[in-house]
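All remarks here apply to the structure that follows.
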Amino acid sequence: MINTHDILETIAMIQEEDLDIRTITMGISLLDCADTDIDKSCEKVYNKIYNKAKDLVKTGEAIEKKYGIPIVNKRVSVTPISMLAAVSGGDPVKYARTLDKVAKDIGVNFIGGFSALVQKGFSAGDRELIESIPRALAETDLVCSSVNIGSTKAGINMDAVKLMGEKVKEAAELTKDNQCMGPAKLVVFCNAPEDNPFMAGAFHGVGEPDCVINVGVSGPGVVRAALSKMPKDAPLNQVADLIKRTAFKITRMGQLVGTEASEMLGVPFGIIDLSLAPTPAIGDSVAYILEEIGLEQCGTHGTTAALAMLNDAVKKGGVMASSTVGGLSGAFIPVSEDAGMINAAAEGTLSLEKLEAMTAVCSVGLDMIVLPGETPAETIAAIIADEAAIGMVNSKTTAVRVIPAIGHKEGEMLDFGGLLGKGPIMKINDKSSEVMINRGGRIPAPMQSLKN
């Protein structure tokens, strides 16, 4: 039976509270595109992606029109390209250019999977791909890259951490005339999920089907609006319950879109990532949710506790609404993409150290944080190592996406435009981590890994 109140409530969420489907992402396996000739391999890659995803954008637009639900991004993720590079050899940037061309030809917003998984060491193709990441990101527009450098089972590959510190800095240098955009499309993971539909970290895991549709829902504005109607003296268990019920409604909409897209494209429906992913739009902010809970400004004392409650309630509501929850799922805290985070960072309430603490209880990590341009590569590597340690010890996904603002200093602002927003250049500790990072080797897996 159709409930008129529920229909009107959903319309209000879309029109007034920035509710949207943040992305439908088609994951495509490229394992059958491997070839010892890199040019032949690139041709196979182009043809397979084009044939599988040529109707993705059209399908998304048809669902938007049918249900009135905004689908902000249509994306593609592919098998980690390092696996193809291992077979073909040659310059991996050729693959990046191929991915960029086919992404433009099919009209998607981003394509992810210029990636390598090196949590326990480098295999064939891995180091070559990582070395090529800065050039690949500088020479393409839509390609996103990720590298998994650690896991709870394997520990942390500190040789890869050191290398990624250098590559983040190099990617910023090569794109300094374009707001240092390179590192904004590069994520360094610990415990990377294989079914994540969100960029820049999406890739299509080797355990996934040949082709699959994953959906990423959003709606921080909806949660904030619901909380704003609660009495200020309502106990926190009631606050958590309201968040849970709101997340249920948001996820049901994602389930509808995923099921519809799957049927229209003739592709299996994979997962819903039920994350609260903010945008720079005023009101569409995770920080504002935390402030609605009772903080004067995000970043003050109590922020980590409020975020932990939010994240848990979102997951509990989402898993009741769908049996296919996956990806990252929870609350994202990308500084430049969240109006409330931008304000809190600019005013000094939100520091890098506080953000690191928050990542222990959120769904991703240090995301879209702008650093002073002179930040050494070793310091970037140390930031990556700290974040990976949180993920490794807590058996959760953590990630680092930081942007060294070449030629800019602390307190200035870097503006990426669009969904990536703008970010204040944050203060970092100026004491060196060089000796530790240059040791290399591997941080062994923790006791938590011995679960068999």
Side-chain angles (χ1 to χ4, degrees), residues 23-35 37-58 60 72-116 125-126 128-147 167-168 170-187 196-204 211 401 403 416-420:
T23 179
I24 53 172
T25 301
M26 178 178 282
I28 302 172
S29 173
L30 300 182
L31 292 176
D32 55 349
C33 298
D35 198 290
D37 183 319
I38 190 170
D39 293 320
K40 289 182 180 177
S41 182
C42 286
E43 184 180 353
K44 292 179 183 178
V45 165
Y46 180 94
N47 290 337
K48 182 164 189 182
I49 295 172
Y50 188 87
N51 290 332
K52 292 287 186 182
K54 63 181 184 296
D55 294 328
L56 178 62
V57 172
K58 181 172 67 176
V72 179
N73 287 283
K74 294 85 177 174
R75 299 162 171 170
V76 168
S77 65
V78 299
T79 306
I81 293 298
S82 64
M83 295 181 179
L84 301 188
V87 177
S88 68
D91 183 3
V93 175
K94 284 190 174 183
Y95 286 111
R97 294 193 194 106
T98 300
L99 295 177
D100 199 50
K101 178 173 175 18
V102 72
K104 290 173 178 175
D105 288 350
I106 61 178
V108 294
N109 303 95
F110 287 110
I111 187 164
F114 197 77
S115 306
D126 290 335
E128 291 81 0
L129 182 126
I130 292 173
E131 291 284 359
S132 75
I133 286 173
R135 285 192 300 120
L137 297 178
E139 295 177 23
T140 61
D141 298 312
L142 306 181
V143 172
C144 293
S145 180
S146 60
V147 177
K167 294 304 144 186
V168 168
E170 189 180 333
E173 291 276 4
L174 290 181
T175 55
K176 63 184 178 183
D177 295 331
N178 183 27
Q179 296 292 297
C180 301
M181 184 63 77
K185 298 184 291 176
L186 172 60
V187 180
N196 165 29
F198 284 98
M199 300 296 170
F203 64 90
H204 189 68
C211 187
R401 182 166 48 153
I403 301 96
F416 307 102
L419 197 63
L420 296 177

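A quick note: this is a predicted structure, and the numbers were derived from the prediction, not measured.
Thr98 places no side-chain N or O within 3.5 Å of a backbone atom of Tyr46 that could act as its donor or acceptor partner. Between the side chain of Thr140 and the backbone N or O of Arg97, no donor-acceptor pair lies under 3.5 Å. Distance alone, capped at 3.5 Å, is enough to place a donor-acceptor pair between the Lys48 side chain and the Ser29 backbone. For Lys104 (side chain) and Lys101 (main-chain N/O), no donor-acceptor pair under 3.5 Å exists by modelled atom type.
The shortest non-hydrogen separation linking Ala116 to Asp126 is CB-OD1, 3.9 Å. Counting all heavy atoms, side chain and backbone alike, Gly107 lies closest to Val57 at O-CG2, 3.4 Å. Residues Ile106 and Ala53 share a closest heavy-atom pair of CD1-CB, 3.6 Å. Taking each heavy atom of Leu420 and Met181 in turn, the nearest pair found is CD1-SD, 3.6 Å. The two atoms that bring Ser88 and Asp37 nearest to each other are CB-C, 4.4 Å, heavy atoms only. Contact detail for Leu30 and Thr79: the closest heavy-atom pair is N-OG1, 2.7 Å.
Residues Tyr95 and Ser132 have side chains that never bring a donor and an acceptor to within less than 3.5 angstrom of each other.
Rounding to the nearest 0.5 Å places CD1 of Ile403 at 9.5 Å from CG of Leu186. A distance of 10.0 Å separates CG in Asp32 from OG in Ser41, rounded to the nearest 0.5 Å. Put simply, CD1 on Ile130 and OG on Ser82 are 8.0 Å apart, with the number rounded to the nearest 0.5 Å. Atom CZ of Arg75 sits about 6.5 Å away from atom CG of Asn109, to the nearest 0.5 Å. To the nearest 0.5 Å, the span separating CE on Met26 from CD1 on Ile49 amounts to 11.0 Å. How far CZ of Phe203 is from SG of Cys144: 13.5 Å, rounded to the nearest 0.5 Å.
Between Leu137 and Ser145 there is a side-chain heavy-atom pair separated by less than 4.5 Å. Within the 4.5 Å cutoff, no side-chain heavy atoms of Val102 are placed close to those of Val45. Put simply, the side chain of Thr23 does not reach to within 4.5 Å of the side chain of Phe110, judged on heavy atoms. A 4.5 Å side-chain heavy-atom check between Lys167 and Glu131 finds at least one atom pair inside the cut-off.
Under 4.0 Å is where a charged nitrogen must lie from a carboxylate oxygen, and between Lys94 and Asp91 no such pair does. Using a 4.0 Å cut-off between a side-chain N of Lys or Arg and a carboxylate O of Asp or Glu, Lys40 and Glu43 do not qualify as a salt bridge.
With Glu139 as the fixed residue, the side chain to side chain contact (heavy atoms under 4.5 Å, CB included) test singles out one of Asp100, Val93, Thr175, Leu174: Val93.
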For this session: Could you go through the side chain to side chain contact (heavy atoms under 4.5 Å, CB included) check for His204 and Ile28 one step at a time?
Result: CA-CA 6 Å; His204 189 68; Ile28 302 172; 5.7 Å; no
